[in-house]
Each structure stands twice: as structure tokens, then as C-alpha cells.
Amino acid sequence: MPPNHNQRRAESAMVDRDTDTVGQGALIEFAAVAEWIEAATSRSAKIALLSRYFAQLQDDPLYYAVHYFAGQGFPQRERRLAPIGELTLVTALSVLSGIEPAKLNAHLKRLGDLAEVAALVLVRQSEPILTLEDVAIGLEQLAKTQGRRKLSWVIRLLEPATSLEAKYLTRLLLGDLQIGLEEAMIEAAVAQMTAQPLEQIRWGYTLLGDLGKTALLARHNQLTQARMQLFQPLKFMLASTVQDPAQVIQQLPQGFAVETKYDGIRAQAHIAPAGKPTNWHPETVFAGIRVALFSRTAADISLSFPDLIAPLASLAPHALVTGETAGLILDGEIVPCQNDQILPVAALQPRLDPESPSADRIASVPVAFVVYDVLYKDGAVLLNHPYSERRRVLESLLLETPEVRLAAAQILFDLESLEQRFFQARAQGQEGLMVKALNSCYRPGRRSHEWLKIKRAIITLDVVVTAAEITPETAPWFSNYAVAIRTSDGDPTLLQIGKVAVGLSQPELETLSDWIQRYTIEEFAEGMVRLVEPQIVLEITVEQLKPSQRYKSGYDLHDARIVRIRRDKSVNDIDTLDSLLYLVEQTQNWWDSSEG
DNA sequence: GATGGCTGCCC
DNA sequence: ATTCTGC
DNA sequence: GCAGAATGGGCAGCCATC
């Protein structure tokens with residue numbers, strides 16, 4: 001559709017038509033605005049249109065519209081609904097349109113977008129009748145429903161939809177609007193609509209964790225009443241990556257603290273008096289103190305870690321005053337550990353069960369919460385306090401226990417000691433270090449340069465390519481390589497060790513594909529899979545070597561990526577089973593000696 | 001009861 | 001998580 | 001430089017089906 005046409009529709013969505021329906025939030029109007037935004041390129045024009053659209057909506061529809069434009073069915077911090085999957089939607093579309101799923105999948109392949117498929121096959125001639133509130137009700141039901149029964153709600157939601165409505169309903173259900181609209185633009189639109197400073201909107205959103213609610217408060221000039229909401233997770237501050245300690249000195253000349261880089265699950269802990277018993281889970285309350293743990297995507301993972309509830313709640317008597325603002329928000333990492341040793345992060349996987357884990361499972365994978373930041377304490381929002389101050393608060397309130405630990409941190413001044421510390425970290429089997437500017441504030445949701453992770457892969461191997469495969473995504477280039485090592489210096493027998501598929505640039509990919517053609521010994525799957533002469537040597541990095549029955553070497557690669565093509569090396573120079581075993585042993589020693 | 005497709009959610 | 005891209 | 005979009009590995013749960 002041409003932008004002009006969309007703009008007319010979008011604008012007409014905002015002029016008075018029938019006083020009964022103005023501002024009620026028809027889904028078709030939302031869709032028209034979304035269409036226009038998708039086609040537009042000017043950032044300011046998108047914001048202006050969005051702000052005018054918001055302005056004419058009544059309160060409830062505004063609340064929904066703000067969330068839906070953010071691509072989310074619910075407030076960001078109440079992730080009650082995980083988006084539904086492609087299969088469910090294809091099935092629903094099939095039921096509604098009477099078209100075979102296979103045909104729909106063919107459409108999907110051609111159009112590359114399920115929402116376009118929905119728009120194509122759901123062609124209702126009648127008037128659009130859906131409202132944003134209808135959508136909210138449907139999503140609410142979906143959130144309460146498990147498994148296959150979700151399908152019937154998807155069908156009920158899509159059934160009355162016109163083509164354009166179906167397109168955006170589909171995208172909402174998939175959890176992503178895909179119209180090139182950043183959250184920051186929605187914030188700007190709210191600011192424009194309410195004629196309030198953008199900074200004020202942002203701060204309100206940070207405190208409330210709910211952009212829709214922020215918009216409503218802003219509209220009614222009540223933003224100053226916004227308070228930090230305990231048990232509504234803040235976004236996490238993220239770090240950017242550097243490879244070399246020298247880059248740290250360059251980027252953080254004002255002084256920095258160095259922390260151990262804990263490899264686990266990032267989590268935010270909220271701890272506060274439970275108050276009146278309501279609908280939260282009894283297992284998350286200990287001695288009148290409620291505890292919640294949130295993952296990086298704001299999922300509530302408290303029930304996966306019942307063994308952390310009591311230890312975290314026990315911080316309260318030392319830390320909390322009584323009263324309405326009493327509470328604590330901590331940022332840290334959940335790590336698997338056993339007898340004081342911190343284990344590889346892979347050990348945590350079984351604990352991420354959505355239901356409560358069994359006692360067996362808890363016992364077999366003990367965990368600790370390593371705390372490295374404090375964001376809120378008893379009414380004081382600490383986000384805008386510098387790192388050094390937050391660290392001081394943290395050290396004053398945490399008692400070390402096996403389950404709750406304080407992240408190891410030290411202040412370093414020069415490159416030499418930083419390099420030494422980095423070397424030490426790697427000798428202990430950690431992939432690197434965290435470095436944080438002493439004067440940095442906690443900026444939720446930002447990947448800032450005030451937090452850096454120095455990171456380098458632990459294990460490097462030279463391997464030879466023995467087979468290659470073209471995947472649909474990378475056709476016509478060979479992108480998946482089966483690789484092998486030698487048995488020993490004296491024995492050139494090749495042993496398969498796994499597959500590697502990432503790390504090459506496009507030109508390298510093309511070069512390598514050429515070579516694969518040239519060295520092909522045998523073809524399978526119409527040439528998509530080839531056995532090749534063992535001529536091509538790759539340098540790869542591996543996070544971990546895992547014992548495995550699958551390959552003759554007895555090991556499998558974990559998180560392998562290609563560093564470079566070693567034109568200078570031949571199959572005679574690659575790693576051997578002996579050197580591999582040495583690496584495995586060394587890694588083992590690292591884990592054994594590391595105390596975290 | 002085992003298997004396999006699909007989903008979801010960590011990294 | 002990483003990588004690529006568009007602004 | 002940033003945020004978003006697209007990508008990958010790994011594993012466990014759910015459900016339908018064999």
C-alpha cells in the first residue's frame with residue numbers, strides 16, 4: 001500500500017466521525033496507524049502521528065494502544081503471556097480460511113511473514129468491528145490457557161477480523177509488531193501528547209515499569225506521584241564487550257572497579273514485607289518477607305529457585321525498615337555451585353523448569369545468588385547514585401552465606417594490574433572480567449560503555465574440515481562444517497569432533513564454499529551435503545569440551561565458532577586427541593581450583 | 001511408555 | 001548469547 | 001553509538017501419536 005493512502009487512513013482514524021465511537025480505540029485505526037508508521041522513514045513524523053493518535057484515545061484504549069505499539073500484549077513487567085508460536089497460528093489460519101496448512105506454509109515461505117499470510121487468507125468483507133479492548137480480553141484469556149486449548153482462543157480472536165486487523169492481531173500474538181518503532185519513540189510520543197519533558201516520561205516509566213500507566217499518569221498530570229514499584233522488575237543494565245584490558249583503560253580513565261565475571265543466570269531480586277496475603281505463591285514468602293526473582297526478560301523465575309527464597313528473605317531483618325517503602329532490589333547472577341565451587345553454567349539448565357523443581361533436582365543442582373548491585377533500599381531509589389556508593393551500601397547490608405554472596409570486587413588503577421587480574425581470571429577458567437566505572441549510574445535497559453566485559457574464548461583448536469553442508473538460510477554457500485582432529489602426532493587417523501557453523505564473514509564463506517566444491521569426494525542430498533578431502537584447516541574457539549558418544553573423538557564441541565581460516569596450516573598441523581585431552585584436563589583443573 | 005515436533009526461555 | 005543493519 | 005531485528009545452541013516441558 002502506498003504511504004499516502006495509509007496516511008489518509010491513519011489521519012482519518014483521528015478525525016471526528018461518529019461521536020459515539022471517537023476515542024474508543026477501534027483495532028482498524030490502530031492497524032492503520034501501524035501501517036503508516038511501517039511505511040514512514042522520518043522518526044519525527046512517526047512520533048508526531050503516534051502522539052496525535054494517542055491524544056484522541058480515551059484512557060483505557062490509550063493504555064492498550066501504548067502496550068500494543070510496544071509489541072506487547074501486557075505491561076512489560078507483567079509477562080503473563082508468552083507469545084504463541086507459529087504452528088498454532090498456522091493451524092488457526094487454516095481453520096478460519098479452510099486452506100490446507102501446507103498451502104499456508106508455502107505462502108509463508110514466499111511472503112516471509114506470517115502476518116502477511118493472515119492478511120492474505122482472512123478476507124472478510126464485512127465492516128471492521130474489533131476494538132483494542134476486545135484484543136485485551138482475548139489476550140487475557142490466552143494468558144490463562146495452557147497448551148492446545150490456546151488454539152481456540154486464537155481462532156475466536158481472529159474470527160471477526162478483517163484482513164488488516166488480522167495482520168496486526170497476528171503480529172501482536174507473535175509478540176512483535178515489526179514496524180520499526182523503537183520504544184524510545186513511544187516514550188517521545190507520550191511526551192509530545194502530554195507536553196511534558198521526555199526525561200520525566202522516561203523516569204516515570206523506569207519507576208513504574210509500565211509505559212501505559214506512565215502515559216495515563218502523564219495525561220492527568222500525576223507523574224510526580226510515580227513511585228518505585230517493588231515486585232515489578234526494572235530493566236537490567238547491560239555491559240558492552242572488549243577483547244583487551246588495554247581498551248578498558250582507554251574507555252574508563254576516571255577509575256574503575258573490577259569484578260569476577262560470574263557465568264549464570266542474570267537475576268533481579270525483590271525483597272519486602274509481604275503485607276496482606278494475596279495471590280502470590282506461598283513458597284515465595286518466608287517469615288513474612290516476600291521474595292521474587294526476575295530473569296533478564298522480566299520473567300518471574302522465583303519458583304525455579306525455592307532454595308533461594310529463605311536466604312534472601314533473611315537479609316530483611318538486617319536491611320529493611322518497616323513501613324510502606326521498606327524493601328530491597330538487588331541485581332546479580334544465579335550460579336550453580338557445589339561445596340563452594342562454582343560450576344559451569346550448563347549445570348543450571350535443569351533448574352529452569354517453569355514449574356517448581358522437585359526436591360531431588362534442587363538437591364542435585366545447588367545454587368547461589370551472587371549479588372553485585374543494589375538498586376533500591378527502603379524508599380531510596382539508588383539508580384542515580386554512583387557505582388562506588390551503591391557498592392558501599394551493598395557491602396553494608398549483605399551477610400555472606402552459602403546461598404547469598406557478594407560479588408568479588410576490587411579497585412584497580414593501572415593496566416598492568418588489570419592484565420594480571422585478567423590472567424588470573426582465565427587461569428581459574430573464567431571467560432573474563434567485568435569492569436565498571438566508579439562514577440557510573442545504573443541505567444536500566446542500557447548497554448553502556450560504563451560497564452565492560454573483557455572476554456576471550458577459553459579454548460582454541462585447529463581442526464580440519466571433513467564435510468560441509470548448505471542450509472536453506474545460507475544457500476548457496478556451505479555454512480556448516482563437520483570437523484575432525486588427528487589421533488596423535490604419530491597417527492594421522494582423523495577423529496570427528498563436531499560441527500561448527502558460525503564466525504565466518506561473507507567473503508570467507510564464499511572462499512570456503514569454493515574450496516568445498518573443489519575438494520568434494522562424495523555428494524549427498526543433491527549436493528547440499530559433501531564429503532571433502534581433509535585439506536581445509538580452521539582455527540575455532542570452544543566454550544567447553546563435552547564428553548559425547550556421538551563422535552569418535554569422544555568429545556563434542558560446545559558453542560564453537562570459527563576464528564579464521566588457517567591457510568598456513570595443513571592437516572598435519574592440527575590438534576590431536578592428546579592435545580585435546582590435555583586441554584580437557586586443564587579445564588577440569590580450572591573448575592576445581594576456582595572458588596568464584 | 002517412548003518418540004518427535006513444537007514451544008519457551010536461558011545464554 | 002552474537003551479529004548485522006539502519007538511523 | 002544505539003536499538004532493534006535476526007540468528008544460533010541447548011535443554012526441558014507439553015502434547016499427539018506411535
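By convention in this document, chain letters (A, B, ...) are assigned in the order of the sequence lines, proteins followed by strands, and residues within each chain are numbered from 1.
For the pair A:I265 CD1 and C:dA1 C1', the computed distance is 13 Å after rounding to whole Å. Rounded to an integer number of Å, the gap from A:R446 CZ to D:dG1 C1' is 12 Å. Spacing between atom CZ of A:F236 and atom C1' of B:dC11 amounts to 14 Å, rounded to whole angstrom units. The distance from atom NZ of A:K46 to atom C1' of D:dG4 is 11 Å, rounded to the nearest whole Å. Following rounding to the nearest Å, A:L238 (CG) and B:dC11 (P) show an atom-to-atom distance of 10 Å. A straight line from CD of A:E333 to C1' of B:dC10 spans 11 Å, rounded to a whole angstrom. Residue A:D300 contributes atom CG, which lies 16 Å from atom C1' of B:dG8 at whole-angstrom precision. If you measure from atom NE2 of A:H449 to atom P of D:dA3, you get 10 Å, rounded to the nearest angstrom.
Remark: A:T297 is in phosphate contact with B:dC10, judged by side-chain N or O atoms under 4.0 Å from OP1 or OP2. Within the structure, every side-chain polar atom (N or O) of A:R351 is placed at least 4.0 Å from both OP1 and OP2 of B:dC9.
With sequence neighbours excluded, the residues that form a side-chain contact (heavy atoms from CB on, under 4.5 Å) with A:S513 are A:W477, A:F478. In this view, A:Y481 satisfies the side chain to side chain donor-acceptor pair (under 3.5 Å) rule with no residue, not counting sequence neighbours. For A:R446, the side-chain contact (heavy atoms from CB on, under 4.5 Å) test picks out A:R202, A:R443, with sequence neighbours left out. In this view, A:Y442 and A:W451 satisfy the ring-ring contact (aromatic ring centres under 6.0 Å, His included) rule, not counting sequence neighbours. The salt bridge (Lys or Arg N to Asp or Glu O under 4.0 Å) search around A:R43 returns A:E182, not counting sequence neighbours.
Separation of the C1' atoms belonging to C:dA1 and B:dG8 is 16 Å when rounded to the nearest angstrom.
Between D:dG4, D:dA12, B:dC10, one nucleotide has an atom nearer to the side chain of A:E183 than all others, and that is D:dG4. Comparing D:dA12, D:dC11, B:dC11 by their nearest atom to the side chain of A:Q349 picks out D:dC11.
No donor-acceptor pair under 3.5 Å is formed between the side chain of A:R266 and the backbone N or O of A:E333.
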Using a 4.0 Å heavy-atom cut-off, write out nucleotides 2-7 of chain C from 5' to 3' as B (base contacted by protein), S (sugar-phosphate only) or - (no contact).
-> SS----
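Taking the six-membered ring for Trp and thresholds of 30 and 60 degrees, A:F69 and A:F30 have ring planes inclined between 30 and 60 degrees apart.
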